[in-house]
Amino acid sequence: MAARTKAGRAPSVERVRGTRDILADDMRRHRAVEEAAWATARRYGFTEIATPVFEFTEVFARTLGETSDIVTKEMYTFDDRSGDSVTLRPEFTAGVARAFISNGLRQQVPLKFFCRGPMFRYERPQKGRLRQFHQVDVEILGVAEPLADVEVIALGADFLAGLDLADKVKLELNTLGDAETRKAYRTKLLAYFADHRGKLSGDSLNRIESNPLRVLDSKDEGDREIVARAPRITDGLNDASKRYFDALLDGLHVAGVAYEINPRLVRGLDYYCHAAFEFTTQALGAQGTVLAGGRYDGLIEMMGGTPTPGTGWAAGVERLAMLIAETEPEVRPIAVVPVGAALEGPVLELAQRLRRAGFTVDMGYSGTLAKRMRRADRIGAAAAVIIGEDEIDRDAATVRDMASGEQREIALASLEHHLERYRGKADGR
RNA sequence: GCGGGUGUAGCUCAGCUGGUUAGAGCGCCAGAUUGUGGAUCUGGAGGUCACGGGUUCGAGACCCGUCACUCGCCCCA
């Protein structure tokens, strides 16, 4: 008797909770999102790198904040066979910062990196919230000037606009100030909340202990009232932080990026400062954040590197894939079809000839002419190249345009030339 | 981690207050059409009714538990 899960199915066919198989249609959308991000990043002068999917646990535990939810209850952490504690990455930035230090990249600053790949977080699954999900990510390392934030935010805006999501998404922006500002603000905020302790929700009372700034974006009705009258960080910025924020706003204006200042926007991770921003949508329910990031000047130092400023963002590929319009396959294949099994040999030879010439070619494995034509139709072939005894005798092929149904006999010698018109072209049925 | 909803064919769903071999549409396969796809018609395959237990003469329907998905909270991309 095979082992069974509690659900009663053989575990070998059960997906792990919060994971999914990305099948053809989804994969096309997934790729469309990734490629749009990469294409935009490239235009901004970024280069693509890849860091490991897992790191020593310390890399994340130290940088994300010992008390953050991600570290305390959401990481996939385990000991490998040598007894080292490793963790499947829950986010990109810490790994990129680690790579920056490990590879001595300090010398090559400023650096602009693009990454993509899977992330792992043990959360309760929901639409747009998976245990394995994918992100595209962009980081600028070694630039303290707000111009880097402007560039990174403009890149995000262009990326989303390129996906045709400009209307579905809005940019919210805030500043967290520098360390001095944040410390002073924290004290002020704590004092304010202490005065209103009785009226805060239980969740928020807990947050006061762990991350008081988080109370600011509570969804509880009662909390919101109190938060609305709470002191704002933007009112208590020290000179440096104020100058920084003003320059950022100016830069966005010049770059033509529309934003909305949200004084309640905060970050869950400890290493953020100054710029904090999110592109959000109403279309995905509770999981409305589609791209988020900010500045993390202290991170690399915190990890033991020479102090190096950084800024960047990550975007959820699955969330964006749900928002974009249907995508069409980019190439339609050419179907080669033998009339009768006896001609499969010569047709295979022809298929290989065309493939090596750069055409996308599909060949059925069995069946009558009608069946093979049906298959050609179903895979969206642009044209069918039909070869029967008659064609063989004349050293030719019959080429059928699948959209119009028109057929022409073409000499084998000039077949590639004739098929040029179907290369990488959608026929618009 | 907390609260609510849902779970019937590959997909979308029907199945009335528990009653004989569980249905439809789409899709799939085959044929009408032995050198021609998309349309139409005909036929066919496909279901431990999420899983386990209970109530009952009898459960897809009712009860309990589990699992998964989903909505909100939490968290966050």
Side-chain angles (χ1 to χ4, degrees), chain A residues 4-11 14-20 23 25 33 37 64 68-74 90-93 116 118-137 156 201-204 206-207 210-211 214 217-221 223 266-269 278-281 284-293 313-323 335 337-340 343 364 367-381 383-391 398-407 427 429:
Chain A
R4 306 214 143 219
T5 62
K6 285 178 184 168
R9 289 204 183 125
E14 184 97 346
R15 247 178 302 124
V16 172
R17 186 173 197 207
T19 64
R20 53 181 215 128
L23 302 182
D25 285 357
V33 171
L64 299 181
S68 71
D69 275 30
I70 290 188
V71 171
T72 55
K73 39 194 185 207
E74 294 178 1
E91 58 116 36
F92 261 125
T93 307
R116 57 177 124 189
M119 299 294 148
F120 305 85
R121 251 119 96 159
Y122 188 87
E123 295 185 276
R124 179 147 170 177
Q126 235 176 81
K127 184 162 67 171
R129 191 168 79 179
L130 296 157
R131 301 254 260 205
Q132 176 178 335
F133 62 101
H134 296 76
Q135 290 187 334
V136 288
D137 174 272
S201 67
D203 272 338
S204 285
N206 289 333
R207 276 184 284 232
S210 56
N211 188 347
R214 270 277 162 209
D217 68 351
S218 170
K219 283 168 186 152
D220 182 89
E221 286 289 329
D223 288 353
V266 295
R267 290 279 78 132
L269 277 21
E278 280 180 15
F279 285 85
T280 59
T281 177
L284 291 178
Q287 273 64 241
T289 302
V290 112
L291 182 156
W313 52 252
V317 174
E318 282 86 355
R319 288 184 187 179
L320 288 167
M322 284 189 281
L323 291 177
V337 353
V339 181
L343 293 171
T368 62
L369 215 210
K371 180 177 166 180
R372 290 173 195 260
M373 289 303 290
R374 212 176 305 131
R375 177 176 163 79
D377 181 56
R378 206 147 9 147
I379 61 174
V385 175
I386 302 163
I387 303 228
E389 296 296 348
D390 299 350
E391 283 84 356
T398 296
V399 176
R400 181 181 179 88
D401 182 302
M402 294 300 283
S404 68
E406 278 168 43
Q407 294 193 177
D427 67 14
R429 299 186 288 186

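Letters go in sequence order (proteins before strands), and every chain restarts at 1.
In this entry B:rA50 has B:rU66 as its Watson-Crick or G-U wobble partner, both defining distances falling under 3.5 Å. Summarising the base pairing, B:rC28 is matched to B:rG44 through a Watson-Crick or G-U wobble pair whose two defining distances lie under 3.5 Å. Nucleotide B:rU34 is matched to nothing when pairs are restricted to Watson-Crick or G-U wobble geometry with both distances under 3.5 angstrom. Judged by Watson-Crick or G-U wobble contacts below 3.5 Å, the nucleotide B:rC2 has B:rG72 as its partner. B:rG18 is unpaired under the Watson-Crick or G-U wobble criterion, no partner having all donor-acceptor distances under 3.5 Å. Summarising the base pairing, B:rC13 is matched to B:rG23 through a Watson-Crick or G-U wobble pair whose two defining distances lie under 3.5 Å.
Between B:rG72 and A:Lys219, no contact under 4.0 Å exists linking OP1 or OP2 to a side-chain N or O. The side chain of A:Lys127 contributes an N or O atom lying less than 4.0 Å from OP1 or OP2 of B:rC71.
Taking every side-chain heavy atom of A:Arg214 into account, B:rC75 is the closest of B:rA30, B:rC73, B:rC75. Across B:rC71, B:rG35, B:rG37, the shortest atom-to-atom separation from the side chain of A:Ala370 is found for B:rG37. Of the candidates B:rC69, B:rU36, B:rC74, the closest approach to any side-chain atom of A:Ser218 belongs to B:rC74. The side chain of A:Met402 has B:rG37 as its nearest neighbour among B:rC69, B:rG35, B:rG37.
The interatomic distance linking A:Arg372 (CZ) with B:rA30 (C1') rounds to 17 Å, in whole Å. Between A:Arg17 atom CZ and B:rU66 atom P there is a gap of 13 Å when expressed in whole angstrom units. Here the P atom of nucleotide B:rA77 and the CD atom of A:Gln132 are 17 Å apart, to the nearest Å. If you take CD of A:Gln287 and P of B:rC74, they are 11 Å apart, rounded to a whole angstrom. Protein atom CG of A:Leu369 is 8 Å distant from nucleotide atom P of B:rG37, rounded to whole Å. If you measure from atom CD of A:Glu123 to atom P of B:rG1, you get 12 Å, rounded to the nearest angstrom. Rounded to whole Å, atom C1' of B:rC75 lies 10 Å from atom CZ of A:Arg319. Atoms CZ (A:Phe92) and C1' (B:rA77) sit 11 Å apart, rounded to a whole Å.
The minimum heavy-atom distance linking A:Gly156 with A:Leu291 is given by the pair CA-CD1, 4.1 Å. Here the shortest heavy-atom pairing between A:Gly367 and A:Arg372 reads O-NE, 2.9 Å. Across every non-hydrogen atom of A:Pro118 and A:Gln132, the tightest pair is CB-NE2, 3.6 Å. Nearest approach of A:Gly405 to A:Arg400, heavy atoms of both residues: O-NH1, 3.5 Å. Taking all atoms of both residues into account, the shortest heavy-atom contact from A:Gln135 to A:Phe92 is O-CE1, 3.6 Å. In this structure, A:Lys127 and A:Met322 approach most closely via the heavy-atom pair CG-SD, 3.8 Å.
The base of B:rA77 is paired with the side chain of A:Arg121 by a donor and an acceptor separated by under 3.5 Å. The base of B:rG1 has none of its N or O atoms less than 3.5 Å from a complementary donor or acceptor on the side chain of A:Glu74. Contact annotation: side chain of A:Arg400 to base of B:rG37, donor-acceptor pair present below 3.5 Å.
Side chains of A:Met402 and A:Asp377 form a contact here, defined as non-hydrogen atoms less than 4.5 Å apart. The closest side-chain heavy-atom distance from A:His134 to A:Val33 is not below 4.5 Å. Put simply, the side chain of A:Phe133 does not reach to within 4.5 Å of the side chain of A:Arg319, judged on heavy atoms. By the 4.5 Å heavy-atom criterion applied to side chains, A:Leu130 and A:Glu318 are counted as neighbours. Contact check for A:Asp220 versus A:Asp203: no side-chain heavy atoms found under the 4.5 Å cut-off.
Mapping A:Phe133 and A:Val339 onto RNA chain B via the closest heavy atom, the residue that lands nearer the 5' end is A:Val339. In this structure, A:Lys73 and A:Gly128 both approach RNA chain B, and ranking their closest nucleotides by distance from the 5' end singles out A:Lys73.
B:rC49 and B:rC13 have their C1' atoms separated by 14 Å, given to the nearest Å.
No contact: A:Ala376 has no heavy atom under 4.0 Å from any strand. Using a 4.0 Å heavy-atom criterion, one finds that A:Thr368 contacts no nucleic acid atom at all.
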ask   = Given the rule in the side-chain hydrogen bond (donor to acceptor under 3.5 Å, both in side chains) test, do A:Asp223 and A:Ser218 qualify, once you have shown the distances and angles that lead to the verdict?
value = CA-CA 6 Å; A:Asp223 288 353; A:Ser218 170; 2.8 Å; yes
Every protein N/O within reach of nucleotides 2-9 of chain B N/O, cut-off under 3.5 Å:
unit_1, atom_1, unit_2, atom_2, d
B:rC2, N4, A:Arg124, NE, 3.4
B:rC2, N4, A:Arg124, NH1, 2.9
B:rG3, O6, A:Arg124, NH2, 3.1

Polar atom pairs between nucleotides 39-44 of chain B and protein, under 3.5 Å, N or O only, would you list them?
none

